[in-house]
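Input: a single structure, listed below in structure tokens.
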Amino acid sequence: VIGVSVVGEKIGKGISPAFAHRIREISGVEILIVAENNLISASFGIPLETGDKNISFPITTNEANINEINYDITFFQVWDAPHIKNFRVGIAIDNSKIRQSLKDTLIRMFIIFIASGLVSYILSRKISSNIAKSTNAIMEGAKHIGDKNFNYEIKLTGKDELAQLANTFNSMTSEIRQYSENLEDLVSKRTRQLNRANEELAYANNQMKKDLEMAKQIQQTIIPKIYPENQNINMDGIYLPMEDLGGDYYDIFKITETKLGIVIVDVSGHGVSSALITTMAKMSFQSHSYKENLDAGQIVKLVNRDMVTIIGNISDYLTAYYAILDLENGEFQFVNAGHLPAIHYHQNSNKITQLDSKGFYIGIVEDVPFEKGSIHLEIGDRILLYTDGITETRNSDGILYGEERLIEYVEKNSSINLAHFIEGIIEEIDKFSGYKGAQDDRAILCIEMVKNLGKDETIEDAVKVAGGIQIGKETNQ
């Protein structure tokens with residue numbers, strides 16, 4: 001640090017106090033000058049008078065034991081001064097200076113630490129306060145949105161993530177508000193349109209109800225209202241459509257002075273179309289029955305041709321049981337066109353016979369043959385015609401009422417009058433189904449021979465057109 005020239009200049013005079021003080025300030029290191037093993041000067045203020053104190057320097061190790069000097073020195077390092085015999089320069093560290101320097105350093109570090117902690121605390125509180133404020137503002141905005149207050153705006157400034165989130169909330173509420181306003185206008189417009197549509201629909205529905213009621217009344221007119229005069233034959237029937245309009249019907253009409261046409265029809269489906277088809281079928285059966293010299297098979301074939309022309313291009317069809325009853329000799333000529341066979345109760349033998357013949361559905365294929373059957377009815381015999389709404393009624397277990405139960409009923413109740421006889425069938429199937437309502441249209445027609453026509457009698461004498469056959473649940477006795 002000092003160099004040879006500096007040392008040479010200070011020999012005998014000591015080191016400049018200002019220079020020594022500067023050295024101490026910078027490094028805390030003391031400068032010693034030693035000549036001929038005697039301490040002659042020191043930068044930490046050792047006077048020259050002390051130079052007479054003998055200090056031994058082991059030249060071989062360049063170290064000296066300076067315990068005899070009353071200075072707090074950590075170590076002592078000696079170098080031979082170049083070009084000067086028996087003259088050395090040494091550097092020792094003053095522990096008191098080191099401790100003072102360390103103390104000052106620790107104090108400064110402690111002050112810096114406290115200051116840094118305080119600044120960090122203040123900054124963290126500030127940041128936390130800003131975050132909490134921003135978070136509360138966003139939560140408040142979310143609450144307003146949850147309350148459907150889309151006019152509320154979150155007021156946050158800055159460019160941090162929370163401010164960006166607040167801006168996103170504000171954009172979202174603005175879009176929702178605009179959509180809501182547009183939606184209210186749209187709903188109001190659609191409501192007006194819907195009200196107009198409902199009014200039009202109500203008007204159309206009322207018109208349709210009127211039309212259906214008229215159609216229902218028209219359909220009821222195709223069911224003949226006749227009752228027996230207790231002369232030659234008894235007739236009774238009932239028709240119960242599942243809906244306002246049904247696809248079942250039966251008819252009894254005069255062909256000649258001594259012959260009656262009898263028909264029962266079941267059209268596939270229900271409703272207006274089925275009711276319309278029954279009306280066309282009635283007209284066709286009657287118009288062809290009035291033609292001379294035609295048997296039952298020929299008449300049904302002509303009816304089938306008509307119905308194929310009318311409904312052949314749609315999926316509807318009909319089954320029919322058609323018969324011609326000659327009241328003069330009791331001949332019952334019949335054709336079964338895909339329908340259920342008639343039940344014949346023969347009073348003299350107390351036996352039941354099903355009257356059936358080969359025949360296909362009507363309205364599907366043109367020019368198909370229809371087989372004709374014929375029997376002679378005797379006094380007391382009964383003919384029962386019905387549609388599948390009777391035998392296909394199911395109970396709660398899904399079991400059909402069936403033809404066997406119907407035949408069993410006929411055997412047990414053949415002696416009661418026709419009105420009670422037919423009402424009993426309806427009650428029987430209602431009880432069987434658990435009174436859960438009709439599952440299909442129901443039609444029943446029953447004919448009983450009382451006596452053959454006399455030689456001079458006509459059908460008008462035997463049968464009076466009045467109001468005896470039941471339609472719906474109304475019975476005119």
Does some side-chain heavy atom of Leu418 sit less than 4.5 Å from a side-chain heavy atom of Arg382?
yes
Ignoring hydrogens and geometry, is there a side-chain-to-backbone donor-acceptor pair from Thr387 to Ala443 under 3.5 Å?
yes
Non-hydrogen side-chain atoms of Asn234 and Asp236 separated by less than 4.5 Å:
no
Stepwise side chain to side chain contact (heavy atoms under 4.5 Å, CB included) check, Tyr249 with Tyr239:
CA-CA 7 Å; Tyr249 95 96; Tyr239 174 50; 5.8 Å; no
Looking only at side-chain N and O atoms, does Ser374 offer a donor or acceptor that is under 3.5 Å from a partner on Glu331?
yes
Taking the side chain from Asn395 and the backbone from Ser433, do they hold a donor-acceptor pair closer than 3.5 Å?
no
Rounding to 0.5 Å, atoms CG (Asp430) and OG1 (Thr393) come to a distance of 8.0 Å
Tell me whether Asn206 contacts the main-chain N or O of Ala202 through its side chain, where contact means a donor paired with an acceptor under 3.5 Å.
yes
Can you check side chain to side chain contact (heavy atoms under 4.5 Å, CB included) on Phe334 and Ile262, steps first, answer last?
CA-CA 9 Å; Phe334 59 88; Ile262 303 168; over 6 Å; no
Should Met449 and Leu325 count as side-chain neighbours, where that means a heavy-atom distance under 4.5 Å?
yes
Answer yes or no: is there a donor N or O on one side and an acceptor on the other, between the side chain of Asn205 and the main chain of Leu201, under 3.5 Å?
no
Strictly by modelled atom types, are Thr353 and His344 linked by a side-chain donor-acceptor pair under 3.5 Å?
no
Would you find a donor on one side and an acceptor on the other, under 3.5 Å apart, between the side chain of Ser274 and the backbone of Asp248?
no
Donor on one side chain, acceptor on other, Arg305 and Thr309, under 3.5 Å
no
Tyr361 to Gly338 - nearest heavy-atom pair and separation
CE2-O, 3.6 Å
What's the shortest heavy-atom distance between Leu260 and Ile233, and which atoms?
CD1-CD1, 3.6 Å
In terms of heavy-atom contacts, His420 and Tyr409 come closest through O-OH, 4.0 Å
Checking Asp440 against Ile390 for the side chain to side chain contact (heavy atoms under 4.5 Å, CB included) test, could you report, in this order, the C-alpha distance in whole Å, the side-chain angles of both residues, the deciding distance, and whether it holds?
CA-CA 8 Å; Asp440 196 359; Ile390 302 298; over 6 Å; no
Which atom pair, heavy atoms only, marks the closest approach of Tyr401 to Glu428?
OH-CG, 3.1 Å
Should Phe285 and Asp251 count as side-chain neighbours, where that means a heavy-atom distance under 4.5 Å?
no
Note: Phe432 and Ile399 closest approach over all heavy atoms is CE2-O, 3.3 Å
Side-chain donor or acceptor of Ser357 paired with backbone N/O of Asn336 under 3.5 Å
yes
Going by heavy atoms in the side chains, are Phe253 and Lys282 under 4.5 Å from each other?
no
Do Asp306 and Ser284 meet the criterion of a side-chain donor-acceptor pair at a distance under 3.5 Å?
yes
In this structure, CD1 of Ile264 is separated from NE2 of His339 (nearest 0.5 Å) by 5.0 Å
Nearest 0.5 Å, what's the CD-CD1 distance between Glu404 and Ile407?
7.0 Å
Does a side-chain heavy-atom distance below 4.5 Å link Leu400 with Thr391?
no
Atom OH in Tyr250, atom CD1 in Ile238: separation rounded to 0.5 Å?
7.5 Å
For residues Tyr322 and Gln333, is any side-chain donor paired with an opposing acceptor at under 3.5 Å?
no
Leu355 vs Phe332 side-chain heavy atoms within contact, under 4.5 Å:
yes
N/O donor-acceptor pair under 3.5 Å between Ser268 side chain and Tyr317 backbone:
yes
Nearest-0.5 Å distance that lies between atom CG in Asp104 and atom CE in Met109:
13.0 Å
Under 3.5 Å, side chain of Asp356 to main-chain N/O of Pro341, donor-acceptor pair present?
no
Which value, rounded to the nearest 0.5 Å, describes the distance between Tyr290 atom OH and Thr256 atom OG1?
11.0 Å
If the condition is ring-ring contact (aromatic ring centres under 6.0 Å, His included), which residues does Tyr345 pass it with, not counting sequence neighbours?
none
Show the nearest heavy-atom pair for residues His346 and Ser349, with the distance to one decimal.
ND1-OG, 2.7 Å
